[in-house]
Amino acid sequence: MIESLLVANRGEIARRIIRTAKRLGIRAIAVYSEADADLPFVAEADEAVLIGPPNPAQSYRNAEAILAAAKATGAQAIHPGYGFLSENAEFARTVESSGLIWVGPDADAITAMGDKINARNLMAAAGVPVAPGITDPAADLDAAVTAAAGIGYPVMVKAAAGGGGMGMGVAVDEAALRTEYDKVRAFAERMFGDGSVLIERYFPRVRHVEVQILGLADGRVVALGERECSVQRRNQKLVEESPSPAVSPELRSRLLAAAVRAGEAVSYRNAGTVECLLDPETNEFFFLEMNTRLQVEHPVTEYVYGVDLVEEQLRVASGLAPTFDPDALAPSGHAIELRINAEDPKRFLPGPGVIRTWVEPTGEGVRVDSGYTEGNTVTPFYDSLLAKLIISGTTRDEVLERAKAAVAAFQIEGPKNNVPFFAELLTNEEFLSGAYDTGIVSRMR
């Protein structure tokens, strides 16, 4: 097993990785920016290194500073968490060429899945269902218009190099396409350095369902069930649950088999997620993207499958067998995760500030993965995620009741936060029924 681990991230995910590392007797090393010096993850690490000012480009995305910290502390491995450099193939290659262990998929898999058009074509060749769309980037606006006419409106206009719900727009007709194409291309060039645009069919009523995969050290790829991610604002997830209330045993079998094929197509190792769109009317699903990293929402899978996914990542990276029997994976119980963000509960606009009060809920089936505590300052430099409230239980109904009580008990004063939104959601009949889709938040607003 790896003996020392540098966590190249911050907040709740750094804290969560450190917790597992220390449980396994691994020396946990944190890196932090000047803005994060007082956050819990810094104090909880065995060692912590200041790597730069608040700007992520000068700290958490500064590969040279992170590698220097790894060398100075004698780290044996680097875990990137999610976001920042976690899906940067060049960084993964540099880590390994420096003689360190990269706790994630290899750079070739990251590269293959990082370009959405390339990933889509690879998946189609592997027999994974893909939505109707173009197989090469639209060369220009005229090409996009021609492609959309062939696919049929409405269409999704997507940044080929994007991910995580960023760089996407919907066009219901040619006039809208001309506007969205320019917007998406400009955004993609600014954010990803690549203005390539993908055009594919848009499904007005759809569910977002993803499958957790794990590429084992022996070369096998296994699937640890699905997660429902349809409660979203601006294509960004707010709630995840497992199992999905929309997925029957027969559909689960097809979904998981397709996800395993997706992983095998790129010789995937370590943790990853195959994201799909599900048509609730026909039970047809289509490949959306593969996230080549640990997901924010991994805890719901941990409860339902009885595993510690960070431990499994570390075991794969160490060349060790998993703690579970790959041939006996089966879901048990139910779990829901609520993303507690520093944003107002109506328009979901960021609301940084000093946390004057922070009281986490407790009780059976309640877990809080938090990045902050009372007295900390939520700055505008990073993602608005404050904590993840994870509720587990035997049945979905039991979990929903526990979630209501937990949300009522979660006290945050200072920065704006979306706890009141979850209180509203947990009384919403559409959500409670399980028959919701990606439009649920817009209908609530």
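A salt bridge is absent between R27 and E3: the closest approach of a Lys/Arg side-chain nitrogen to an acidic carboxylate oxygen does not fall below 4.0 angstrom. A salt bridge links E200 to R120: at least one charged side-chain nitrogen sits closer than 4.0 Å to a carboxylate oxygen. With salt bridges taken as basic N to acidic carboxylate O contacts below 4.0 Å, none links E44 and R19. Ion pairing between K237 and E228 fails under the 4.0 Å rule for side-chain N and carboxylate O. Using a 4.0 Å cut-off between charged nitrogen and carboxylate oxygen, K183 and E180 count as a salt-bridge pair. Salt bridge status for R227 with E337: absent, with no side-chain N to carboxylate O gap under 4.0 Å. By the 4.0 Å N-to-carboxylate-O rule, R339 lies close enough to E240 to be salt-bridged with it. Using a 4.0 Å cut-off between a side-chain N of Lys or Arg and a carboxylate O of Asp or Glu, R269 and D218 do not qualify as a salt bridge.
Using a 4.5 Å heavy-atom cutoff, the side chains of T357 and E374 are in contact.
The aromatic rings of F84 and Y60 sit parallel, their planes meeting at an angle under 30°, below the 60° perpendicular limit.
Judged purely by atom type and a 3.5 angstrom limit, D115 uses its side chain to pair as donor or acceptor with the backbone of N118. Here the side chain of S59 pairs a donor or acceptor atom with the backbone of P53 at under 3.5 angstrom. Formation of a donor-acceptor pair under 3.5 Å by the S86 side chain with backbone atoms of P80 is not found in this model. At least one donor-acceptor pair closer than 3.5 Å links the side chain of D344 to the backbone N or O of L349. In this structure, N88 contributes its side chain and E90 its backbone to a donor-acceptor pair below 3.5 Å. In this structure, N418 contributes its side chain and N341 its backbone to a donor-acceptor pair below 3.5 Å. Distance alone, capped at 3.5 Å, places no donor-acceptor pair between the E226 side chain and the E210 backbone. Side chain of S230 to main chain of H208: a donor-acceptor pair is present (N/O by atom type, distance under 3.5 Å, no hydrogens or angles).
The environment of CD in E424 is crowded: more than 12 heavy-atom neighbours from other residues, nucleotides or ligands sit within 6.0 Å. Other residues, nucleotides and ligands contribute at most 12 non-hydrogen atoms within 6.0 Å of the CZ atom of R347.
The stretch residues 55-71 participates, sequence neighbours left out, in no salt bridge (Lys or Arg N to Asp or Glu O under 4.0 Å) pair at all. For residues 93-107, the pairs satisfying salt bridge (Lys or Arg N to Asp or Glu O under 4.0 Å) are R93-D108, with sequence neighbours left out. For residues 349-358, no pair satisfies salt bridge (Lys or Arg N to Asp or Glu O under 4.0 Å), with sequence neighbours left out. The list of side-chain hydrogen bond (donor to acceptor under 3.5 Å, both in side chains) pairs with a residue in residues 5-14, not counting sequence neighbours, reads R10-D36, R10-Y372, E12-Y82, E12-K388.
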Test side-chain hydrogen bond (donor to acceptor under 3.5 Å, both in side chains) on Y382 and S33 and set out the steps. CA-CA 11 Å; Y382 313 113; S33 74; 2.7 Å; yes

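Aromatic ring centroids of F41 and Y32 lie 6.0 Å or more apart. The aromatic ring centroids of F203 and F286 lie less than 6.0 Å from each other.
For Q212 and H298, the side-chain atoms include no donor-acceptor pair closer than 3.5 Å.
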Would you list the atom pairs, donor with acceptor, under 3.5 Å between side chains in residues 186-199 and any protein atom, with sequence neighbours excluded?
residue : atom : partner : partner atom : Å
D194    : OD1  : S196    : N            : 2.9
D194    : OD1  : S196    : OG           : 2.7

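Of all the heavy atoms in G215 and V316, the pair that sits closest is O-CG1, 3.4 Å.
Take R16 and apply the salt bridge (charged side-chain N to carboxylate O under 4.0 Å, His left out) test, not counting sequence neighbours, and it matches E302, D308.
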